[in-house]
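A quick note: this is a predicted structure, and the numbers were derived from the prediction, not measured. Labels below follow one simple rule: chain letters A, B, ... track the order of the sequence lines, proteins then strands, and each chain is numbered from 1.
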2 protein chains.
Amino acid sequence: MVAAATRQQIVEAADRLFYERGFEATSFADIAGEVGLSRGNFYYHFKTKDELLDAVITHRLLKTRSMLDIWEAKSKTPEERIVSFVNLLVVNQAKIMAYGCPVGTLCNELAKLDHLAKDRAAEIFSMFRHWLSHQFIAFGREAEADALAMHILMRSQGVATLAAAYRDEIFVRNEVENMRAWLAAQRPGTPVLPETLS
Amino acid sequence: MVAAATRQQIVEAADRLFYERGFEATSFADIAGEVGLSRGNFYYHFKTKDELLDAVITHRLLKTRSMLDIWEAKSKTPEERIVSFVNLLVVNQAKIMAYGCPVGTLCNELAKLDHLAKDRAAEIFSMFRHWLSHQFIAFGREAEADALAMHILMRSQGVATLAAAYRDEIFVRNEVENMRAWLAAQRPGTPVLPETLS
DNA sequence: GTCTATAATATGATAGAC
DNA sequence: GTCTATCATATTATAGAC
């Protein structure tokens, strides 16, 4: 197999296993086994686990960029685009209930390890944050765009953590609905509705 | 030293290290070193790491119970009590920015490990959840008490995760303020105010 | 570019002296 | 109740054959 293709397979397997089992709990042997490679050969492609982590973060940044571009192209209005983000909680519900949010859990783990890559992992958050902020500007909320982006990012993280703890579909559905209602209430000039939860 | 006292020292050291470094990343040697014990002697007190984890979760449940009882005694109104919960994000801000929320990060890690104790760890969440729900009932919101409890628990989790990712005090302060405003808006019969973010 | 073999280390865990 | 010594295993990582 061509080196580049093998490398890509390793990165994708590591991406999945780091998400499903965690960074520390995933060994080179696990990944090699997944790809069908010998442990020894692994080191031809990645010298250290940190180098692999770096490649995984880069891969996630690229995947995220691509997803945001698709949302951007698919929807006409900024509100629809932000709803695409909110809907991630529903689209990926099964995985989130099993393993939490891939970004939040990685950032948490790397923070505890005080890992050099912790700030690079947080850049995945920043990619969502800046895209959301951009949407809130187009939405007509320029002054508070970043705070609104952080607010909705915060909510999605909270829902993901409790979804993994309780594995309660109804809770996820309710909070996604609250987020949509909150978003609608953010329309400039919209009279504040008597929302119960948001 | 008396066995019970040594055992307690082990549990408290493990509690701290599991929080600061994570469960998997903390070894028996780390904990033994912290307590000033030999690795061998460790096994007199705990046969397995899972047995230790169980003791740590029990310890956290007791600490949480005790904290909730103090909040209950210190405040006269349910709203003040719920504010005590929200203020945890400020009181423990430095630790949360470094290591995230102790409950959320443990639940996330155990979910990924598919650890037997994952549901026991989630009981720490449930202790907060039921106490908060109780406060919302006293607050006059019986019908939605559990959903409101889950909502505020969700927000505190989201803030903790992003606090660890960005270590941004202003973000934490803003979101805590939003939570307080949200709570005030939950008073039964309160006309909905034009809150920007909540 | 992939393999087997192996080094060096750290882990969870045990045995037995004191 | 604590210690030292040790086991079995798993890990990251390297060397060298093919």
Side-chain angles (χ1 to χ4, degrees), chain A residues 1-57 59 106 109-110 112-118 121, chain B residues 1-59 106 109-110 112-118 120-121:
Chain A
M1 191 185 298
V2 181
T6 303
R7 192 190 147 97
Q8 187 63 13
Q9 273 193 292
I10 290 170
V11 169
E12 279 166 19
D15 183 14
R16 221 194 67 238
L17 292 175
F18 286 178
Y19 175 39
E20 294 179 358
R21 304 184 192 176
F23 172 65
E24 278 261 318
T26 301
S27 70
F28 276 14
D30 293 333
I31 303 163
E34 201 83 355
V35 179
L37 223 66
S38 74
R39 252 169 307 153
N41 189 16
F42 202 96
Y43 290 84
Y44 174 79
H45 300 280
F46 292 98
K47 298 289 175 224
T48 67
K49 207 179 179 184
D50 291 352
E51 199 179 313
L52 175 57
L53 174 61
D54 205 64
V56 166
I57 294 173
H59 181 61
L106 182 64
E109 186 177 359
L110 296 182
K112 281 183 200 293
L113 298 174
D114 198 19
H115 196 286
L116 258 175
K118 71 179 177 180
Chain B
M1 189 185 297
V2 181
T6 304
R7 191 191 148 96
Q8 187 63 13
Q9 273 193 292
I10 290 171
V11 169
E12 279 166 19
D15 182 13
R16 221 194 67 239
L17 291 175
F18 286 179
Y19 175 38
E20 293 179 359
R21 304 185 191 175
F23 171 66
E24 278 261 316
T26 301
S27 69
F28 276 13
D30 293 334
I31 303 164
E34 200 84 355
V35 179
L37 224 67
S38 74
R39 251 173 309 152
N41 189 16
F42 202 96
Y43 290 84
Y44 173 79
H45 300 279
F46 292 98
K47 299 289 175 221
T48 67
K49 206 179 179 183
D50 290 352
E51 199 179 313
L52 174 57
L53 173 62
D54 205 64
V56 166
I57 294 173
T58 299
H59 181 60
L106 180 64
E109 187 178 358
L110 297 182
K112 280 183 201 291
L113 298 174
D114 198 19
H115 196 287
L116 258 175
K118 70 180 179 180
R120 260 206 100 219

Nearest heavy-atom contact between B:F42 and B:I10 is CZ-CG2, 3.6 Å

First locate atom CG of B:D15, then atom NE2 of B:H59, and finally report the distance between them rounded to the nearest 0.5 Å.
4.5 Å

By side-chain contact (heavy atoms from CB on, under 4.5 Å), which residues pair with A:R16, not counting sequence neighbours?
A:E20, A:E34, A:K95

Taking the six-membered ring for Trp, are the ring centroids of A:F28 and A:Y43 within less than 6.0 Å of each other?
yes

A:Y43 vs D:dT14: side-chain N/O to OP1/OP2 distance below 4.0 Å
no

Please report, rounded to the nearest Å, how far the P atom of D:dG1 is from the CD atom of B:Q9.
14 Å

Nearest atoms (heavy-atom pairs only) where B:A25 meets B:D30
O-OD2, 3.8 Å

Of D:dT12, C:dT2, D:dT2, the nucleotide closest to the side chain of A:Y44 is C:dT2

For DNA chain D, which residues of residues 22-39 of chain B approach it to below 4.0 angstrom with any heavy atom?
B:L37, B:S38

OP1 or OP2 of D:dA13 less than 4.0 angstrom from a side-chain nitrogen or oxygen of A:T48, does that happen here?
no

What residues form a ring pair (Phe, Tyr, Trp, His ring centres under 6.0 Å) with B:H115, not counting sequence neighbours?
B:F23

Starting at atom CZ of A:R21, determine the distance to atom C1' of D:dT11, rounded to an integer number of angstrom.
15 Å

Whole angstroms only, please: what is the CG-C1' distance between B:L113 and C:dG12?
15 Å

B:H45 has an atom NE2; how far is it from atom P of C:dG12, in whole Å?
17 Å

Atom pair distance, as rounded to whole Å: CZ in B:F42 and C1' in C:dT11:
13 Å

Atom pair distance, as rounded to whole Å: CZ in A:R7 and P in C:dG1
12 Å

Assign each of B:K49 and A:G40 the nucleotide of DNA chain C bearing its closest heavy atom; nearer the 5' end lies the nucleotide of A:G40

Under 4.0 Å between a side-chain N/O of A:N41 and OP1 or OP2 of C:dG1, yes or no?
no

